[in-house]
Amino acid sequence: FTSTRVCSRCLVQCLYHRAHNTHSSMTMRKHTRQLLRLSQAPGLTCRGYQSREYDGPDYTKTRAIRKENLSPAMLTYYKKPVLIHEGKMQWLWDHEGKKYLDMFGGIVTVSVGHCHPKVTEALQQQIHRLWHTTNIYLHPMVHEYATRLVDTLPDPLKVVYFVNSGSEANDLAMYMARLHTGNNDLISFRNAYHGMSPYTMGLTAHSTWKFSVPAGMGIHHAMNPDVYKGLWGGPGYRDCPVLPEGVVRATDDECRVVEDLYLNQLEEVVKYSLPKGNSLGGFFAESIQGVGGSVQYPRGYLKRAFERVRQLGGVCISDEVQTGFGRTGDHYWGFQGHDVIPDIVTMAKGIGNGFPMGAVVTTPEIAATMGQALHFNTFGGNPMASAVGIAVLDALKEDKCQETSLEVGTHLLTKLVDLVNKYEIVGDVRGKGLMIGIEMVEDKGTKAPLKPETMMDIWELTKDAGVLIGKGGYHGNVFRIKPPMCITKEDADLTAQVLEEAVFKTMKAMGRI
């Protein structure tokens, strides 16, 4: 290969198949490095796209501004943070022109692709027509968008409140649940993440995300039904399309035994923490835990938990901020994979493909509760946001993003689970669609989290190789792969190979290979 104007997707495909036609891991690594060098050529991407030259403040000045003028709570990834200035679909460029495959999507936010042409055009058209009126006046976009959005949800979820973020959405859902039921107490899971507003900080159950201020009054955290790290179950008990060698899928009867054990722990919270009687306001659950490390529950757990919550007078809230809009592959909404219909659904992130948007969708009965007093959101559902939201819905359908999540996500999971079979420090691969977690451990017996410095070594190697992945879990030992839903199987192959190369190099340096 000599031309730097060759499409990088073609390079991936050609070099990947060339490498796999050999039988040498050394040759495989050699071809991977060749691919990575070629893919970093400035301006090299599909459809002949030419990246722009960076014209912002230099790297040193940017780091200084970050330190002096932005919140110290705004931590950056990597020892030498990347300075990203341009994106196109699944690709990002830094200030030096280096190209990265984005396998984290701006923390699960870029759904249809960076600067997707359809979404960009819709925003540009709206910007030239009308930016803002607030909802004290009628404007067409929010009404069209509301009907389009609720059409993706099952009955009776038909009333939408537009907000600007996931924290705002969950904040409002908490308020709705308490007003509608007349009960104050709420339950979420340990290891859950539902936002960082003063109100939602109580729902979030990670000490690393909490400040020492009063928060969480009336909120209780049930045992997390984590079948990998929890007391009961195992990888075969969750809804994941792949299993490591030697693990078999649990039967429904076997799953029910494990569900019972975790549901008993939920019942402990009811007995010892809630007021007597039907006193529950609501129950929050992510369909797959995001920040907590892509944790999945026993297959039938959530459905039975919802049933119990309703018996206690509460409403069920599905936090779809990360799992919505086709990301899990087999369904448009993550909760559909649990065979449930919640009373309230919260959403953000992928709803706007990076535009600051969020929404709460609920039933007409619960929505009526909000009419007891004035309630208003200045920017929620503004003309620009509504235009973007409609275009994202169109792009999701036209580009078959849900189908991509299922097909490419399952392909990637199949590649990644092989790392569990081959390497002692790769403890678990889980998830579905393009909502994937790889839990790294010191050893498979204890499942002790991999040491932070070792995690960093692997993570830095993947970045240096041109692939950006996320990190999560309480101990920061879970790699999170949640890319724009436009990636290809070749992108998935590259990601799996880069991660394996990083694991191999790190273990070799440790003397464990």
Side-chain angles (χ1 to χ4, degrees), residues 107-108 166-167 170 173-174 186-197 199-211 215-216 219-235 237-240 258-259 261-270 273 282-299 301-302 304-306 309 316-323 328 334-335 337-338 346 349 427-432 435-441 446-450 452 455 470-482:
I107 313 183
V108 209
S167 291
N170 284 325
M174 293 171 70
L186 303 170
I187 296 176
S188 66
F189 288 131
R190 298 171 195 164
N191 198 56
Y193 181 89
H194 295 288
M196 275 297 294
S197 69
Y199 213 37
T200 57
M201 197 183 298
L203 287 176
T204 293
H206 287 250
S207 62
T208 49
W209 294 91
K210 289 179 177 287
F211 294 91
I219 297 175
H220 314 278
H221 299 120
M223 178 184 282
N224 194 32
D226 178 353
V227 294
Y228 176 68
K229 289 293 289 289
L231 296 177
W232 308 291
Y237 288 81
R238 64 196 177 203
D239 181 20
C240 178
V258 171
E259 292 161 24
L261 293 167
Y262 285 111
L263 286 165
N264 287 342
Q265 293 300 307
L266 177 62
E267 202 64 33
E268 292 284 293
V269 174
V270 173
S273 298
F283 171 65
F284 277 77
E286 302 161 269
S287 298
I288 299 174
Q289 289 182 334
V291 173
S294 302
V295 173
Q296 294 179 278
Y297 320 127
R299 290 197 299 271
Y301 174 91
L302 204 59
R304 296 173 65 192
F306 273 28
V309 166
C316 301
I317 302 103
S318 285
D319 181 339
E320 293 284 327
V321 169
Q322 295 196 22
T323 50
T328 60
F335 64 77
H338 296 276
T346 61
K349 291 187 179 284
D428 192 32
V429 166
R430 53 183 177 254
K432 53 195 295 194
M435 184 81 177
I436 297 171
I438 304 112
E439 183 146 351
M440 308 297 291
V441 297
T446 65
K447 300 179 183 176
L450 191 64
M455 278 292 294
K471 199 158 64 74
Y474 177 79
H475 298 283
N477 68 312
V478 180
F479 289 124
R480 299 169 65 198
I481 295 180
K482 295 151 188 190

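Predicted model, so just to flag it, every value in this text is computed and none were measured.
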Let me see the working for Val478 and Met440 under side-chain contact (heavy atoms from CB on, under 4.5 Å), right down to the final yes or no.
CA-CA 6 Å; Val478 180; Met440 308 297 291; over 6 Å; no
Of all the heavy-atom pairs spanning Leu231 and Met223, show the shortest one and how long it is.
CD1-CE, 3.9 Å
Any chance the side chains of Glu286 and Thr323 put a donor and an acceptor closer than 3.5 Å?
no
pair Tyr237-Pro225: side-chain heavy atoms closer than 4.5 Å:
no
Over all heavy atoms of both residues, which pair between Asp239 and Arg299 is shortest? Give the atoms and the distance, please.
N-CG, 3.7 Å
Step by step, would you call Ile219 with Met174 a side-chain contact (heavy atoms from CB on, under 4.5 Å)?
CA-CA 10 Å; Ile219 297 175; Met174 293 171 70; 3.7 Å; yes
Partner of Ser287 under side-chain hydrogen bond (donor to acceptor under 3.5 Å, both in side chains), picked from Glu320, Gln296, Lys432, His338, is Glu320
Give a yes or no on whether the backbone of Met201 and the side-chain of Lys210 come within a donor-acceptor separation of less than 3.5 Å.
yes
Closest non-hydrogen atoms of Ile436 and Lys482, given as atom of the first, atom of the second and distance, are O-CE, 3.8 Å
For residues Asn191 and His206, determine if any side-chain heavy atom of one lies less than 4.5 Å from a side-chain heavy atom of the other.
yes
Which heavy atom of Val258 sits nearest to which heavy atom of Pro298, and what is that distance?
CG1-CG, 4.0 Å
Is it possible for you to check whether Lys447 lies under 6.0 Å from the centre of the six-membered ring of Tyr228, through NZ or CZ, and within 45° of that ring's axis?
yes
Is His194 reaching over with its side chain to a backbone N or O of Gly202, donor-acceptor style, under 3.5 angstrom?
no
A side-chain contact here means heavy atoms from C-beta on lying under 4.5 Å apart; do Gln322 and Arg480 qualify?
yes
If you take the centroid of each ring, where Trp contributes its six-membered ring, are Phe189 and Tyr297 closer together than 6.0 Å?
yes
Please report the shortest heavy-atom distance between Asp428 and Pro235, naming the atom on each side.
OD1-CG, 4.2 Å
Given the rule in the side-chain contact (heavy atoms from CB on, under 4.5 Å) test, do Trp232 and Gln265 qualify, once you have shown the distances and angles that lead to the verdict?
CA-CA 12 Å; Trp232 308 291; Gln265 293 300 307; 4.0 Å; yes
Parallel, tilted or perpendicular: which describes the rings of Tyr193 and Trp209, with under 30° parallel and over 60° perpendicular?
perpendicular
Hey, are the side chains of Ile438 and Arg430 touching, using non-hydrogen atoms and a 4.5 Å cut-off?
no
Which heavy atom of Ala305 sits nearest a heavy atom of Leu266, and at what distance?
CB-CD2, 4.1 Å
Using side-chain contact (heavy atoms from CB on, under 4.5 Å), reason through Tyr474 and Thr208 one step at a time and then give a plain yes or no.
CA-CA 8 Å; Tyr474 177 79; Thr208 49; 4.1 Å; yes
Any side-chain heavy atom of Gln289 sitting closer than 4.5 Å to one from Asn224?
yes
Please step through side-chain hydrogen bond (donor to acceptor under 3.5 Å, both in side chains) for the pair Thr346 and Asn170, ending with a clear verdict.
CA-CA 6 Å; Thr346 61; Asn170 284 325; 2.8 Å; yes
